[in-house]
Participant: 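Below are the structure tokens for one structure; questions will follow.
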Amino acid sequence: MSKFDSIRPYYDSEVNEALCSSLNHPMMKAMMNFTFPEVADEVWREQLKKTHSIRDFQINFVYQSIQKVLEKSSDGLTTSGFEKLETHTPYLFISNHRDIILDTSLLNVSLFDHGLVMTASAIGDNLVKKDFVSKLSKLNRNFLVQRGLTPRELLQSSRQMSEYMYHLLSKENRSVWIAQREGRTKDGNDATHQGVLKMVAMASDENNVTDFFKKLKIVPVSISYEYDPTDALKMPQLLAQAKDEVYIKEKNEDFITLLSGIIGQKKHIHIHVGDIIEHELDIIKTNYDNTNKQIQALANVIDDSILQNYKLWPTNYIAYDILNNTEKFIEYYTLEEKQLFQRRFEMRIDTDNITLRDGFLAMYANPVVNKMKYHNAK
């Protein structure tokens, strides 16, 4: 028994058994029929029976599935910054978080396309309660973030996850992906939670935490979708927050959101990987001798990179102008793009509800506001 067994993905030695036990699951059939519509079921079943590693499963099946998702529900994925990364080198990617499955899947597609080390990726255990989804996540090199714990259990779980991430990076030469905060951003405001960095630092074997962070090779990631396919699904939670009410999820809400993110329309998508955070850590070490202040400073560096490199789309500028009743950014979109956005917006929510209307628009407009704040601060 490894101390990481409760959270780790499958070992390669476990892959074939997991696949063979899932061959006749209706969700496996749906996934394969979507990915390989021209291929008879017995053909992909035979291929899965011959698959004995996570890498083979990812490259021969998952990669093809994501390409089909992009073809069917987007106008394409573009990337920038990947040329800065070194082959065979593991990195800790800390990313803004918009979609449960696609954020990590699209990053891994991009890493593979650039010949770089793909990631093990954190996923909340609330998202993989269904047995098949749990197996699929382990086959796709996801490790579990345990939710709903007591404070004592949370401390133990955080330490375990921190040690596992450091083990992956330092012993297995495996890159790691984590979100900059717990859960997806619902309101378009991307901000790194210090608690995430404190969790990462729990495995530190250095006297100064900045030296430990430097060893991890932290790379901030900005991902932006022209359309968020789960935008309307985020509204009930934002509405509850506006009323100061506790939001209680519906049964299967996470699963519906997961599927909606995959099949819903996204239009254009862009991923930028920022510079490895190195010299900034030297400056932080020199300027602050308090660990909490060092972690706050690092969170600010990550936020600066994510905001600076976040690609804005016409939908962001349109939402800003509608919300603020202005034409400040009219040069960044066409009348046709604005009409399309408004039509979609009116179909997805009750626009007579001002809280809903403004919440929906702010989700798209806030990246513009944050980018302006960033540039004004500089």
Side-chain angles (χ1 to χ4, degrees), residues 1-32 35-36 39 41-67 87-93 100-101 104-113 115-147 156-178 203 216 258:
M1 280 285 288
S2 153
K3 65 177 176 178
F4 304 126
D5 279 353
S6 61
I7 62 169
R8 66 168 176 82
Y10 288 127
Y11 295 134
D12 281 346
S13 59
E14 299 166 323
V15 165
N16 190 254
E17 184 185 338
L19 284 169
C20 289
S21 70
S22 304
L23 288 176
N24 296 312
H25 195 285
M27 285 183 70
M28 180 66 88
K29 177 175 165 58
M31 178 180 162
M32 292 301 154
T35 307
F36 307 110
V39 175
D41 287 0
E42 57 268 23
V43 175
W44 58 256
R45 284 200 177 104
E46 283 306 310
Q47 283 299 111
L48 284 173
K49 283 181 194 174
K50 296 175 190 171
T51 300
H52 291 268
S53 73
I54 286 182
R55 184 176 175 82
D56 282 352
F57 179 67
Q58 284 186 312
I59 292 166
N60 297 324
F61 297 95
V62 178
Y63 180 91
Q64 307 303 327
S65 296
I66 298 301
Q67 293 297 343
T87 319
H88 309 307
T89 300
Y91 298 97
L92 173 58
F93 295 101
I100 294 166
I101 297 296
T104 53
S105 299
L106 293 172
L107 175 63
N108 277 317
V109 160
S110 305
L111 289 169
F112 178 71
D113 284 345
L116 298 162
V117 177
M118 291 190 286
T119 69
S121 303
I123 190 167
D125 64 358
N126 57 305
L127 302 171
V128 293
K129 285 196 162 68
K130 293 179 185 292
D131 183 59
F132 175 77
V133 179
S134 174
K135 282 183 180 174
L136 191 60
S137 74
K138 289 182 179 183
L139 286 163
N140 205 26
R141 205 176 264 115
N142 290 123
F143 60 91
L144 293 182
V145 181
Q146 294 166 316
R147 305 278 196 224
Q156 292 169 335
S157 169
S158 297
R159 189 177 303 282
Q160 180 190 36
M161 192 162 82
S162 178
E163 289 175 359
Y164 183 59
M165 288 163 53
Y166 186 44
H167 169 82
L168 288 168
L169 289 158
S170 62
K171 300 287 194 294
E172 294 193 18
N173 206 54
R174 171 64 53 198
S175 288
V176 171
W177 176 95
I178 57 168
L216 304 183
L258 185 151

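For the single chain, residues carry numbers from 1 onward in sequence order. Just so it is clear, the values below take in all heavy atoms, side chains as well, and ignore hydrogens, waters and symmetry mates.
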Participant: Which heavy atom of N16 sits nearest a heavy atom of L48, and at what distance?
Facilitator: ND2-O, 3.9 Å

Participant: Do L106 and I66 have side chains that get closer than 4.5 Å, going by heavy atoms?
Facilitator: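 In contact.
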
Participant: Spell out, as yes or no, whether a donor-acceptor pair under 3.5 Å connects the side chain of N142 to the backbone of A122.
Facilitator: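 Judged by distance alone, no pair lies under 3.5 Å.
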
Participant: Salt-bridge test for E14 and K138: reply yes if a basic N is under 4.0 Å from a carboxylate O, no otherwise.
Facilitator: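 No salt bridge links E14 with K138.
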
Participant: What are the two closest heavy atoms between P90 and S175, and how far apart are they?
Facilitator: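 Closest approach of P90 to S175, heavy atoms only: CA-OG, 3.3 Å.
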
Participant: Go through the steps for K29 and D41 under the test side chain to side chain contact (heavy atoms under 4.5 Å, CB included), then give the verdict.
Facilitator: CA-CA 8 Å; K29 177 175 165 58; D41 287 0; 2.5 Å; yes

Participant: Roughly how far, to the nearest 0.5 Å, is OG1 of T104 from CZ of R141?
Facilitator: 12.5 Å

Participant: Could you tell me the separation between the CG atom of L216 and the OH atom of Y91, rounded to the nearest 0.5 Å?
Facilitator: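 Nearest 0.5 Å value for the CG-OH distance: 13.0 Å.
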
Participant: Side-chain donor-acceptor pair under 3.5 Å between Y63 and D113, yes or no?
Facilitator: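 Side-chain D/A pair, Y63 to D113: present.
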
Participant: Please check: side-chain N/O of S121 versus main-chain N/O of W177, any donor-acceptor pairing under 3.5 Å?
Facilitator: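 No; zero donor-acceptor contacts below 3.5 Å.
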
Participant: Does the side chain of H167 reach to within under 4.5 Å of the side chain of E163, using non-hydrogen atoms?
Facilitator: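 Sidechains of E163 and H167: no contact.
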
Participant: Taking atom CZ of R55 as the centre, report whether more than 12 heavy atoms of other residues, nucleotides or ligands fall under 6.0 Å from it.
Facilitator: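 Atom CZ in R55 is not crowded, with 12 or fewer foreign heavy atoms closer than 6.0 Å.
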
Participant: Give the C-alpha distance, both sets of side-chain angles, the deciding distance and a yes or no for side chain to side chain contact (heavy atoms under 4.5 Å, CB included) between L136 and M31.
Facilitator: CA-CA 11 Å; L136 191 60; M31 178 180 162; 4.2 Å; yes

Participant: Assess the side chains of Q58 and N108: does a donor N or O sit below 3.5 Å from an acceptor N or O?
Facilitator: no

Participant: If you measure from OG1 on T89 to CG on L169, what distance do you get to the nearest 0.5 Å?
Facilitator: 11.5 Å

Participant: Please examine the side chains of D56 and K50, heavy atoms only from C-beta on, and report whether any two atoms are closer than 4.5 Å.
Facilitator: no

Participant: First locate atom OG of S105, then atom CG of N140, and finally report the distance between them rounded to the nearest 0.5 Å.
Facilitator: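 Interatomic distance, S105 OG to N140 CG, rounded to 0.5 Å: 5.5 Å.
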
Participant: Looking only at heavy atoms, what is the nearest atom pair of A203 and S162, with distance?
Facilitator: N-OG, 2.9 Å

Participant: Grab the two heavy atoms, one from W44 and one from L23, that are nearest each other, plus how far apart they are.
Facilitator: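 Distance-wise, the nearest heavy atoms are CH2-O, 3.7 Å.
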
Participant: Using every non-hydrogen atom in the two residues, find where L139 and A18 come nearest and quote the distance to one decimal.
Facilitator: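 Closest pair (atom of L139, atom of A18, distance): CD2-CB, 4.3 Å.
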
Participant: Determine, step by step, whether I59 and F112 satisfy the side chain to side chain contact (heavy atoms under 4.5 Å, CB included) criterion, reporting the C-alpha distance in whole Å, the side-chain angles of both residues, the deciding distance to 0.1 Å, and the verdict.
Facilitator: CA-CA 8 Å; I59 292 166; F112 178 71; 3.6 Å; yes

Participant: Assess the residue pair K3 and Y164 against the criterion (side chain to side chain contact (heavy atoms under 4.5 Å, CB included)); give the C-alpha distance rounded to whole Å, side-chain angles, the decisive distance to 0.1 Å, and a yes or no.
Facilitator: CA-CA 9 Å; K3 65 177 176 178; Y164 183 59; over 6 Å; no

Participant: I want to check something: taking the side chain as every heavy atom from C-beta on, are M32 and S65 in contact at a cut-off of under 4.5 Å?
Facilitator: no

Participant: If we count only N and O atoms by modelled type, under 3.5 Å, do the side chains of Q146 and S157 hold a donor and an acceptor together?
Facilitator: yes

Participant: Using the ring of Y11 (Phe, Tyr or Trp, six-membered ring only), decide whether R8 places NZ or CZ under 6.0 Å from its centre and within 45 degrees of its axis.
Facilitator: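 Output yes; distance and angle both within limits.
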
Participant: Evaluate the side-chain proximity of L127 to V133: yes if any heavy-atom separation is below 4.5 Å, no if none is.
Facilitator: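 Of all side-chain heavy-atom pairs linking L127 with V133, none is under 4.5 Å.
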
Participant: Could you tell me if the side chain of S22 sits less than 4.5 Å from the side chain of L19, heavy atoms only?
Facilitator: no

Participant: I need the S137 OG to I100 CD1 distance, nearest 0.5 Å.
Facilitator: 12.5 Å

Participant: Look at K49 together with E46 and state whether they make a salt bridge at an N to O cut-off of under 4.0 Å.
Facilitator: yes

Participant: State, yes or no, whether a side-chain contact exists between T119 and R174 at a heavy-atom distance under 4.5 Å.
Facilitator: no

Participant: Looking only at heavy atoms, what is the nearest atom pair of G115 and T87, with distance?
Facilitator: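 Minimum heavy-atom contact is O-CG2, 3.1 Å.
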
Participant: Quick one about T35 and Q67 (side-chain donor to acceptor, distance below 3.5 Å, no hydrogens or angles considered), yes or no?
Facilitator: no

Participant: Mind checking whether F36 and F61 have side chains closer than 4.5 Å, heavy atoms only?
Facilitator: yes

Participant: Please report the interatomic distance OG(S6) to CE(M161), rounded to the nearest 0.5 Å.
Facilitator: 11.5 Å

